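Worksheet: the structure to be examined is printed underneath.
The structure presented is a predicted model; accordingly, all values stated were derived computationally and were not measured.
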Amino acid sequence: MRVQFFEHFDDEPEEDLPPADGPALDGLDLPAAPDLDLDAVPEPPAALPDSAEGQAPNALDEGLAAVGVPPAFDPADRPELLAGLYDRLAHAKSQNDAAPITAAIEELWTASGSDTIDLLMSRAMQFANDSEVDLSLAVLDAIVELAPNEAEAWYLRAKVNVLAGNPERALADLRRTLNLDAKHYLAITDLGLVLEQLGAKKEALEAYRQALAVNPYLDDAKAGVDALKREVEGQDI
């Protein structure tokens, strides 16, 4: 493979899955996930932050303040805040200008507004980092049941499904992420990676280009375009 998938996680009643835009999901029959008893989920081996209200809000405050967004906000305002930041990102003149904008966007992605969801997401990420993939997926299955409109939960489950060797499931989760946040540029890039892995190279190239339209400074998306454009479109580009 050209790119190493999802190298780390330091950067996340269910409705029917949406139909696929391309051929990669045709004919898939994805079984329902088993129920998870949250009380039976052990604590992760590594220590979590002292509280869900400690370090994360500080990081969020700093990221938002760096681009002039008030740190105190109603989670219901998150889509509007993200829309403004995405617009600024698309017009950033350099990678240095884009860096604080992407930092604020990625902090907002994780600001669910629910201490319970934030704690479960922390556990899922810790389990994935510790190679407890099945347990991470079980926690993420519970999160998307509890918060089906939380795009970052679907995105993290997509990443863990790739680690678990389930690219078709990952593709479905990435599409759910993008139904909720169409400009989630990491999900768009990873959609390209998964489509490329599945052999849908034309669709992968389109995904990489869509990611760059949102965030022009994505190294993986740039590499994907460079690797695929001649193969997909021929020599006369």
For the atom pair [atom1] ([X]) and [atom2] ([Y]), what is the distance rounded to the nearest 0.5 Å?
| X | Y | atom1 | atom2 | value |
| --- | --- | --- | --- | --- |
| Leu120 | Met125 | CG | CE | 11.0 Å |
| Lys183 | Leu85 | NZ | CG | 11.5 Å |
| Leu89 | Ile105 | CG | CD1 | 4.5 Å |
| Thr102 | Gln95 | OG1 | CD | 8.0 Å |
| Thr189 | Leu218 | OG1 | CG | 4.5 Å |
| Ile188 | Tyr208 | CD1 | OH | 12.5 Å |

> If you draw a 6.0 Å radius around NZ in Lys222, do more than 12 non-hydrogen atoms from other residues or ligands fall strictly inside?
Replying inline: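 Yes, NZ of Lys222 has more than 12 neighbouring heavy atoms, counting only those of other groups under 6.0 Å.
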
>> Do Tyr217 and Leu108 sit in one hydrophobic cluster, given that two such residues count as connected whenever their side-chain heavy atoms are within less than 4.5 Å of each other, even indirectly?
In response: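 Unlinked, Tyr217 and Leu108 end up in two clusters.
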
What are the two closest heavy atoms between [X] and [Y], and how far apart are they?
| X | Y | result |
| --- | --- | --- |
| Ala204 | Gly192 | CB-O, 3.3 Å |
| Ile117 | Ser112 | CB-OG, 3.8 Å |
| Pro216 | Ala90 | CG-O, 4.1 Å |
| Leu174 | Ala187 | CD2-O, 3.8 Å |
| Ala164 | Leu137 | CB-CD1, 4.0 Å |
| Thr110 | Glu107 | OG1-O, 2.8 Å |

Are [X] and [Y] close enough that some pair of their side-chain heavy atoms sits under 4.5 Å apart?
| X | Y | value |
| --- | --- | --- |
| Asp181 | Tyr86 | yes |
| Arg157 | Thr177 | no |
| Val139 | Ile143 | yes |
| Phe127 | Val160 | no |
| Val144 | Leu140 | no |

> Step by step, would you call Arg88 with Asp97 a salt bridge (Lys or Arg N to Asp or Glu O under 4.0 Å)?
Replying inline: CA-CA 10 Å; Arg88 293 176 63 179; Asp97 290 342; over 6 Å; no

> Under 3.5 Å, is there a donor-acceptor pair between the side chain of Trp154 and the main chain of Pro148?
Replying inline: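 Checking the backbone N and O of Pro148 against the side chain of Trp154, a donor-acceptor pair under 3.5 Å is found.
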
>> Could you check whether Arg78 pairs with Glu150 (Lys NZ or Arg NE/NH1/NH2 to Asp/Glu carboxylate O, under 4.0 Å)?
In response: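 Result for this pair is yes, salt bridge flagged.
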
> Is Asp173 salt-bridged to Lys159, going by a charged N under 4.0 Å from an acidic O?
Replying inline: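 Not counted as a salt bridge, because no side-chain N and carboxylate O are separated by less than 4.0 Å.
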
>> Arg209 vs Glu233, test: salt bridge (Lys or Arg N to Asp or Glu O under 4.0 Å). Steps then yes/no.
In response: CA-CA 14 Å; Arg209 286 174 168 161; Glu233 299 175 343; 2.6 Å; yes

>> Lys202 vs Leu195, test: side-chain contact (heavy atoms from CB on, under 4.5 Å). Steps then yes/no.
In response: CA-CA 9 Å; Lys202 180 179 178 181; Leu195 287 168; over 6 Å; no

> Any ring pair (Phe, Tyr, Trp, His ring centres under 6.0 Å) pairs touching residues 96-117, not counting sequence neighbours?
Replying inline: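 Passing the test, one end in residues 96-117: Trp109-His184, Trp109-Tyr185.
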
>> List the residues meeting side-chain hydrogen bond (donor to acceptor under 3.5 Å, both in side chains) with Asn215, not counting sequence neighbours, and say none if there are none.
In response: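 Applying side-chain hydrogen bond (donor to acceptor under 3.5 Å, both in side chains) to Asn215 gives none.
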
